[in-house]
K.L.:
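Let me give you the structure first, and then I'll get to my questions.
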Amino acid sequence: MKLTEFPAPDFDLTMTLDSGQVFHWEKVDNGFVGVIGDRAFCVEQRGEMLRALLEGGAPATPGTRHANGAGSQELAPPVMQLVTDYFALDHPLAEICASFPDDPVMNAARDFCRGLRIIRQPKWECLATFICSSMKQVAHIRQISAALRKRFGDPRKIDNHVIHTFPPAERIARASETELRECALGYRAKNLRATAQLVSSGECNLEGWSALPNGDLRKNLCELPGVGAKIANCVMLFAYERLRAFPIDVWMERVLKQQYFRRARKLSASRLRGFSETYFGEHGGYAQQYLFHHARATSRKSGVSRNSSVHRAL
DNA sequence: ATACAGGCTCGCC
DNA sequence: GGCGAGCCTGTA
């Protein structure tokens, strides 16, 4: 066990993990347990300090990606760096927030979501999880993620908890559709499996796509089975650090229509998209995440059903 | 109970 | 290129 503690200013761990961008972190006593890559962590925040407890047992063993040539083995990156990268503690949050448009809706979301960061997720894990997310509520996405991990991933022990790594594409690719359906994937099983096969065969090189401009990256993602514009934008934002990508789901559609197009009688999807791509600026993805989380969190807290809140707004 | 979820895809117009 | 229906399954 290795404990590291360091300052993480302008960061809200709970809000970040609860904002619908990542689905596997589990709340424990004072923090959360989860995996970053293939290593288990327990992370907890006290004020501006972040404490990270790394799994005990065999650490990143030789032969993994940190191994460096024949004899010399490079040290795994220090815990602080791993955590900093994952939670994107290096994002200039003040600048990002300052780039948002100055309007009442955006300002309220910005104040509410102070410290919320868009994290850097592993590409395959993010893609696979969002393929499973279509027409699903957050609670259910978490269940699916857990089921896939438990069945096909590797167990890790951390602080008296057992969690599982996310299975690599190769593992999902050789699972049967039936096995995947047993993880409650429903019709998504076929898509997840087909995409896993494209990725594991090397036909689609997710890492290599990092070099592509936004348009090409989105196009490639949308050619994967089960990936449309919404999921492609999620993956671009949460795994490729394309901070301008603006996923529009039913929540965002509601927010945009009610807050920015209240008087428009009919509104095409493409007009909504055009607006969201320009109005929110170079960090539109961050703006989207803030609007999204604010809308969801306030709706949950007020206990008002979405339908009735819609009716009230009209 | 039963409508409906943080969509994608296809067939139709 | 827009619109509607079907797809699985758990939750409210």
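To find a chain, count down the sequence lines: A is the first, B the second, and so on, and within it residues start at 1.
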K.L.:
Can you tell me how far P in dC4(B) sits from the matching atom in dG4(C), rounded to whole Å?
P.N.:
15 Å
K.L.:
Take atom CD1 of I144(A) and atom C1' of dG7(B), then tell me their distance rounded to the nearest Å.
P.N.:
13 Å
K.L.:
For H24(A) and R142(A), which I'm curious about, is there any donor-acceptor pair between the side chains at under 3.5 Å?
P.N.:
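Absent: no donor and acceptor within the cut-off.
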K.L.:
Mind checking G228(A) for me? I need base, sugar-phosphate or nothing, with any heavy atom below 4.0 Å counting as a touch.
P.N.:
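Since only primed, P, OP1 and OP2 atoms lie under 4.0 Å of G228(A), the category is sugar-phosphate.
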K.L.:
How do P225(A) and S19(A) order along DNA chain B: which one's closest nucleotide is nearer the 5' end?
P.N.:
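Closer to the 5' end of DNA chain B: S19(A).
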K.L.:
With no hydrogens and no angle check, do the side chains of D103(A) and Y279(A) hold a donor and an acceptor under 3.5 Å apart?
P.N.:
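Side chains of D103(A) and Y279(A): pair found under 3.5 Å.
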K.L.:
Can you confirm whether the side chains of H283(A) and S99(A) place a donor and an acceptor under 3.5 Å from each other?
P.N.:
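The answer is yes; a qualifying pair exists.
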K.L.:
Hey, what's the ring geometry for Y286(A) with H91(A), parallel, tilted or perpendicular (30° and 60° as the breaks)?
P.N.:
perpendicular
K.L.:
To the nearest Å, give me how far apart CD (Q289(A)) and P (dG6(B)) are.
P.N.:
14 Å
K.L.:
Mind checking the P distance from dC8(C) to dG11(B)? Whole angstroms is fine.
P.N.:
16 Å
K.L.:
Taking atom C1' of dA5(B) as reference, at what distance in whole Å does atom CD1 of I141(A) sit?
P.N.:
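Roughly 9 Å, once rounded to whole Å.
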K.L.:
Is any side-chain heavy atom of P7(A) less than 4.5 Å from a side-chain heavy atom of M49(A)?
P.N.:
yes
K.L.:
Just how far, in rounded Å, is P of dG6(B) from CZ of F23(A)?
P.N.:
10 Å
K.L.:
How are the rings of F292(A) and W251(A) set to each other: parallel, tilted or perpendicular (split at 30° and 60°)?
P.N.:
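Ring orientation of F292(A) relative to W251(A): perpendicular.
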K.L.:
Side chains of residues 271-278 of chain A: which donor-acceptor pairs under 3.5 Å do they make with residues two or more places apart or in other chains?
P.N.:
unit_1  : atom_1 : unit_2  : atom_2 : d
S276(A) : OG     : L272(A) : O      : 3.4
S276(A) : OG     : R273(A) : O      : 2.9
T278(A) : OG1    : G274(A) : O      : 3.2
T278(A) : OG1    : F275(A) : O      : 3.3

K.L.:
Quick one: R142(A) CZ to dA5(B) C1', roughly how many Å, whole number?
P.N.:
17 Å
K.L.:
L221(A) CG to dT9(B) C1': how many Å, rounded?
P.N.:
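Nearest whole value for this atom pair: 17 Å.
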K.L.:
Should the pair K190(A)-E177(A) be classified as a salt bridge under the 4.0 Å nitrogen-to-oxygen rule?
P.N.:
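Result for this pair is yes, salt bridge flagged.
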K.L.:
When you check every protein heavy atom under 4.0 Å of nucleotides 5-12 of chain C, what one-letter string (B, S, -) results, 5' to 3'?
P.N.:
--BBBSS-
K.L.:
Find the distance D18(A):CG to dG6(B):C1' and express it as a whole number of Å.
P.N.:
14 Å
K.L.:
Mind calculating the distance between CZ (R296(A)) and C1' (dG6(B)) to the nearest angstrom?
P.N.:
8 Å
K.L.:
Taking any heavy-atom pair under 4.0 Å as a contact, classify V138(A): base, sugar-phosphate, or nothing.
P.N.:
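Since a base atom lies under 4.0 Å of V138(A), the category is base.
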K.L.:
Hey, which sits more toward the 5' end of DNA chain B by its nearest nucleotide, F238(A) or L224(A)?
P.N.:
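In this pair, the answer is F238(A).
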K.L.:
Considering only atom P, compute the distance from dA5(C) to dA3(B) and round it to an integer number of Å.
P.N.:
15 Å
K.L.:
Got Q45(A) and F11(A) here, is their nearest side-chain heavy-atom distance under 4.5 Å?
P.N.:
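Yes, their side chains come closer than 4.5 Å.
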K.L.:
Treating a pair as Watson-Crick (purine N1 to pyrimidine N3 plus N6-O4 or O6-N4) or G-U wobble (N1-O2 and O6-N3) with both distances under 3.5 Å, list the stems of 3 or more consecutive pairs that involve DNA chain C.
P.N.:
B:2-5 with C:9-12, B:7-13 with C:1-7
K.L.:
More than 12 non-hydrogen atoms from neighbouring residues, nucleotides or ligands closer than 6.0 Å to NZ on K219(A), yes or no?
P.N.:
no
